[in-house]
Amino acid sequence: MDNVDDGSVITRQGLQCLLDALAQRGYTVVGPTVRDQAIVYEELARTDELPAGWTDEQDGGHYRLKRRSDEALFGYAVGPHSWKRFLHPPKVSLWQATRNGDELRFVPARDEPPRYAFIGVRACELAAISIQDRVLMGDEYADPHYRSRREQAFLVALNCSEAGGTCFCDSMNTGPDVKEGYDLVLTELLDGDNHLFLIRSGSEEGAEILAELPREPATEAHQAAATAVVEKTRSQMGRSMPQTAIPALLMDNLEHPRWDEVADRCLSCSNCTMVCPTCFCTTVEDTSDLEGVTAERSRRWDSCFTSDFSYIHGGSVRSSTRSRYRQWMTHKLATWVDQFGTSGCVGCGRCITWCPVGIDITEEVRAIHDDVSSRDKE
Amino acid sequence: MARSDQKPRLGVWKFASCDGCQLTLLDCEDELLQVAGAVDIAYFPEATRGSVRGTYDLSLVEGSITTLHDAERIQDVRRRSRTLVTIGACATAGGIQALRNFADIDDFMAAVYAHPEYIETLSTSTPIADHVPVDFELRGCPISKQQLLEVLSAYLCGRRPVTPAHSVCLDCKLRGNVCVMVAHGTPCLGPMTHSGCNALCPSYNRGCYGCYGPKENPNAPALSERLDQLGMGRAERLRFYRTFNAWAGPFREESERHEP
């Protein structure tokens with residue numbers, strides 16, 4: 001269902017009414033909040049748990065919270081968490097087996113996830129969710145754990161009012177404006193003491209909830225202000241991905257010396273894959289008890305930067321850091337397209353910010369691109 | 001797989017160490033009766049009286065080799081052990097006492113003892129695997145109780161223990177921790193340290209001290225460069241690498257690269 005109305009404006013109290021309405025409908029409300037000097041996603045009930053007046057400074061391997069001069073609730077870029085944490089959890093129990101004499105019984109783990117409502121889902125994050133939808137439930141082999149969480153989730157999206165130092169959604173065509181895939185979408189409008197949120201619905205349930213909120217119709221001035229917010233954000237992108245045919249560029253340059261250079265810097269610590277909102281790889285682990293009576297299989301996030309990840313009979317296929325980094329980046333930007341029809345990168349910048357040594361995926365693409373184009377000119 | 005009625009005989013052996021890893025077995029409290037039910041604790045001086053006798057199906061070896069006597073004793077332990085598992089940083093890397101490997105042992109003895117001539121010791125502290133073949137190494141200073149139970153459970157049903165060799169970072173991210181290095185500028189050994197502690201220190205906003213030794217495929221020079229950018233000086237970095245796992249390859253090489 002398309003936008004069922006042309007927009008309303010709500011106040012901060014109206015936003016509280018939204019949180020209350022979601023909680024009343026049985027949703028577990030999750031949104032941004034400050035913890036351990038970062039803006040993370042956690043359960044929240046009140047708007048005063050949102051990071052009012054905070055922003056962030058981001059660069060390669062660098063993240064710091066800073067005070068803003070206003071009381072904006074969403075005046076920052078994405079932090080270390082992504083919604084993947086909730087839709088595709090880090091650890092899931094799959095089944096238990098118990099033995100009674102010669103009888104062996106397998107019992108699937110009970111998976112009764114909460115119905116999540118996410119507050120402040122940015123355009124790049126909606127794009128990431130849509131990519132994981134394709135990967136984890138886009139064909140006949142759907143992941144039941146992901147699907148059960150995803151199908152019940154209520155998404156309150158957000159048009160970005162602040163781009164971070166490592167953001168590049170504009171050059172990935174995923175943001176900063178929200179286009180589709182939401183139940184409600186907010187744009188934060190700050191004009192002196194006048195603190196409002198333009199709100200539109202994108203689903204039937206979104207429209208129902210919106211109808212319950214204290215609101216005013218949006219004026220043309222509100223609409224214009226909202227457009228200006230997004231355009232300002234678009235002009236603030238800290239990074240950009242080179243505009244070229246990246247899959248061909250990477251696949252034609254698999255032996256480029258740049259892979260060796262990045263391997264010298266890469267810690268193969270797996271942080272980039274963990275924070276990436278589209279990286280979906282997992283491994284399974286089996287445990288058994290001391291008495292040999294019960295066993296359990298669980299699943300957890302894994303990374304193509306570990307040796308266990310590519311271990312097959314006889315050893316690890318990718319033992320060098322060079323081969324691991326190349327695997328990650330060529331999958332993310334090139335073979336992902338063959339496999340799933342889109343790039344695996346949404347330009348959120350998390351892999352740049354949360355890499356302890358600040359390796360920058362846009363810089364790596366640019367280095368190969370610039371080198372190849374300069375050689376072509378010669 | 002039906003188990004035989006005869007319980008495997010367990011031996012717990014101590015070499016140069018603080019006993020902390022053996023204590024982890026006693027710390028099992030809730031699971032201790034299960035352990036005692038699953039194995040015959042045949043030799044464990046820390047817990048029970050008993051003398052060395054016959055062979056042991058499973059030996060847990062704590063501590064490093066620092067004396068000639070111990071260098072001979074570990075050969076005997078190996079001969080008596082069907083499966084030998086080393087536990088803790090001393091047994092797997094030489095422990096904190098391997099700091100002697102970087103200095104002159106005679107200077108230490110002269111500084112510490114009134115009569116150094118009474119001291120019989122080797123000039124190095126070395127891991128058990130330098131002396132005898134080891135079937136499995138369990139890392140940590142001290143080892144984790146959960147991992148020890150995992151090693152015992154895996155041994156009992158004949159499977160490989162799940163003790164992944166990935167970085168502490170991966171565990172931090174599983175827990176949802178905010179990276180202390182990126183967000184706070186706190187020096188952290190997590191990116192080159194082996195998993196096992198469930199990211200204990202970073203979960204309390206401290207940098208990782210590297211208690212579990214090097215992860216597989218670490219890149220210490222790149223980490224050093226970052227620590228330098230964070231303001232950690234060369235001498236400080238040398239000490240950072242030279243703690244409980246000082247003699248473990250990648251830690252040792254990186255600290256030696258930092259020597260004046």
Side-chain angles (χ1 to χ4, degrees), chain A residues 35-42 56 58 60-65 79-81 85 89-91 99 101-102 263-271 273-275 283 285-292 295 298 300-303 305-309 316 319-321 324 353-359, chain B residues 1-3 28 31 33-39 146 149-150 152-154 156-162 164-185 188 190-193 195 202-203 205 215-223 225-227 229-230:
Chain A
R35 197 245 297 157
D36 294 330
Q37 303 172 52
I39 293 164
V40 297
Y41 294 152
E42 286 185 350
D56 48 31
Q58 299 198 35
H62 177 89
Y63 180 100
R64 290 292 182 279
L65 284 189
H81 288 177
R85 223 178 153 78
K91 285 182 186 170
R99 183 168 60 192
D102 288 336
D264 282 345
R265 297 174 60 211
C266 175
L267 304 171
S268 71
C269 61
S270 79
N271 276 304
T273 54
M274 297 288 115
V275 295
T283 186
E285 290 177 340
D286 293 336
T287 54
S288 54
D289 69 350
L290 286 160
E291 287 146 344
S298 58
R300 68 157 169 85
W301 289 353
D302 199 7
S303 169
F305 283 88
T306 72
S307 74
D308 283 349
F309 183 82
S316 178
S319 55
S320 71
T321 301
R324 294 181 199 175
T353 298
W354 299 98
C355 171
V357 295
I359 293 172
Chain B
M1 183 183 79
R3 288 196 184 155
C28 286
E31 297 88 356
L33 284 175
Q34 281 179 49
V35 174
V39 297
Q146 281 73 26
L149 289 169
E150 165 60 14
L152 291 174
S153 305
L156 287 167
C157 68
R159 62 177 174 83
R160 234 182 108 186
V162 179
H166 60 233
S167 69
V168 169
C169 300
L170 199 149
D171 296 333
C172 259
K173 292 298 186 279
L174 294 178
R175 289 185 70 153
N177 289 347
V178 173
C179 178
V180 298
M181 193 141 78
V182 169
H184 310 164
C188 180
M192 70 172 287
T193 298
S195 163
S203 301
N205 282 323
K215 76 172 188 83
E216 63 83 30
N217 200 27
N219 185 350
L223 182 61
E225 200 177 315
R226 189 55 167 179
L227 295 173
Q229 289 161 2
L230 292 176

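Computed from heavy atoms alone, side chains included, the values below leave out hydrogens, waters and symmetry copies. Within every chain, numbering begins at 1; the chains are lettered A, B, ... in the order of the sequence lines, protein sequences first and strands thereafter.
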(Q) Under the rule for side chain to side chain contact (heavy atoms under 4.5 Å, CB included), what residues qualify as partners of A/Glu42, not counting sequence neighbours? (A) A/Thr33, A/Arg35, A/Val40
Q: Can you tell which part of B/Val162 gets under 4.5 Å to a heavy atom of chain A, answering side chain, backbone, both or neither?
A: side chain
Q | Between A/Thr306, A/Leu267, A/Leu65, A/Thr353, the one whose heavy-atom pairs under 4.5 Å with chain B are most numerous | A | A/Leu267
**Q.** chain B contact via A/Arg300 - side chain, backbone, both or neither, heavy atoms under 4.5 Å
**A.** side chain
Q: Pick whichever of B/Arg175, B/Glu225, B/Arg159, B/Gln229 has the most heavy-atom pairs under 4.5 Å with chain A.
A: B/Arg159
Q: Give the C-alpha distance, both sets of side-chain angles, the deciding distance and a yes or no for side chain to side chain contact (heavy atoms under 4.5 Å, CB included) between A/Trp301 and B/Leu174.
A: CA-CA 7 Å; A/Trp301 289 353; B/Leu174 294 178; 3.7 Å; yes
(Q) Is A/Ser316 close to chain B through its backbone or its side chain, or both, or neither, when contacts mean heavy atoms under 4.5 Å? (A) neither
Q.
Taking every non-hydrogen pair under 4.5 Å, which of B/Cys169, B/Ala222, B/Ala183, B/Pro191 racks up the most with chain A?
A. B/Ala183
Q) Under a 4.5 Å heavy-atom cut-off, does chain B meet the side chain of A/Ala263, its backbone, both or neither? A) backbone
Q: Taking the side chain as every heavy atom from C-beta outward, state whether B/Val35 and B/Leu152 have any atom pair closer than 4.5 Å.
A: yes
**Q.** Which of A/Arg265, A/Arg85, A/His81, A/Glu285 touches chain B most, by non-hydrogen pairs under 4.5 Å
**A.** A/Arg85
Q: Determine, step by step, whether A/Thr287 and B/Ser153 satisfy the side chain to side chain contact (heavy atoms under 4.5 Å, CB included) criterion, reporting the C-alpha distance in whole Å, the side-chain angles of both residues, the deciding distance to 0.1 Å, and the verdict.
A: CA-CA 8 Å; A/Thr287 54; B/Ser153 305; over 6 Å; no
Q. Who wins among B/Asn205, B/Leu170, B/Leu223 for the most heavy-atom pairs under 4.5 Å with chain A?
A. B/Leu170
(Q) Does any backbone or side-chain atom of A/Asp264 lie under 4.5 Å from a heavy atom of chain B? Answer side chain, backbone, both or neither. (A) backbone
Q.
Checking A/Thr273 against A/Ser303: is there a side-chain donor and acceptor pair closer than 3.5 Å?
A. yes
Q: Report yes if some heavy atom in the side chain of B/Asn217 is under 4.5 Å from a heavy atom in the side chain of A/Ser307; otherwise report no.
A: no
Q) Are any non-hydrogen side-chain atoms of B/Lys215 and A/Ser268 less than 4.5 angstrom apart? A) yes
Q | Option in A/Ser270, A/Ser320, A/Cys269, A/Pro90 with maximal non-hydrogen atom pairs under 4.5 Å from chain B | A | A/Cys269
(Q) Counting heavy-atom pairs under 4.5 Å with chain A, which one of B/Gln34, B/Met181, B/Met192 comes out on top? (A) B/Gln34
**Q.** Max heavy-atom pair count under 4.5 Å with chain A, selected residue of B/Cys179, B/Ser167, B/Gly176, B/Gly190
**A.** B/Gly176
Q. If you measure only the distance, is there a donor-acceptor pair under 3.5 Å linking the side chains of B/Asp171 and B/His166?
A. yes
**Q.** Proximal component of A/Asp286, with respect to chain B [non-hydrogen, under 4.5 Å]
**A.** backbone
Q. With a 4.5 angstrom heavy-atom cut-off, which part of A/Phe305 approaches chain B: side chain, backbone, both or neither?
A. backbone
Q: Can you measure from CG (A/Leu290) to CD (B/Glu150) and round to the nearest 0.5 angstrom?
A: 9.5 Å
Q | Proximal component of B/Val39, with respect to chain A [non-hydrogen, under 4.5 Å] | A | neither
Q: Please identify each residue that fulfils side chain to side chain donor-acceptor pair (under 3.5 Å) with A/Ser319, with sequence neighbours left out.
A: none
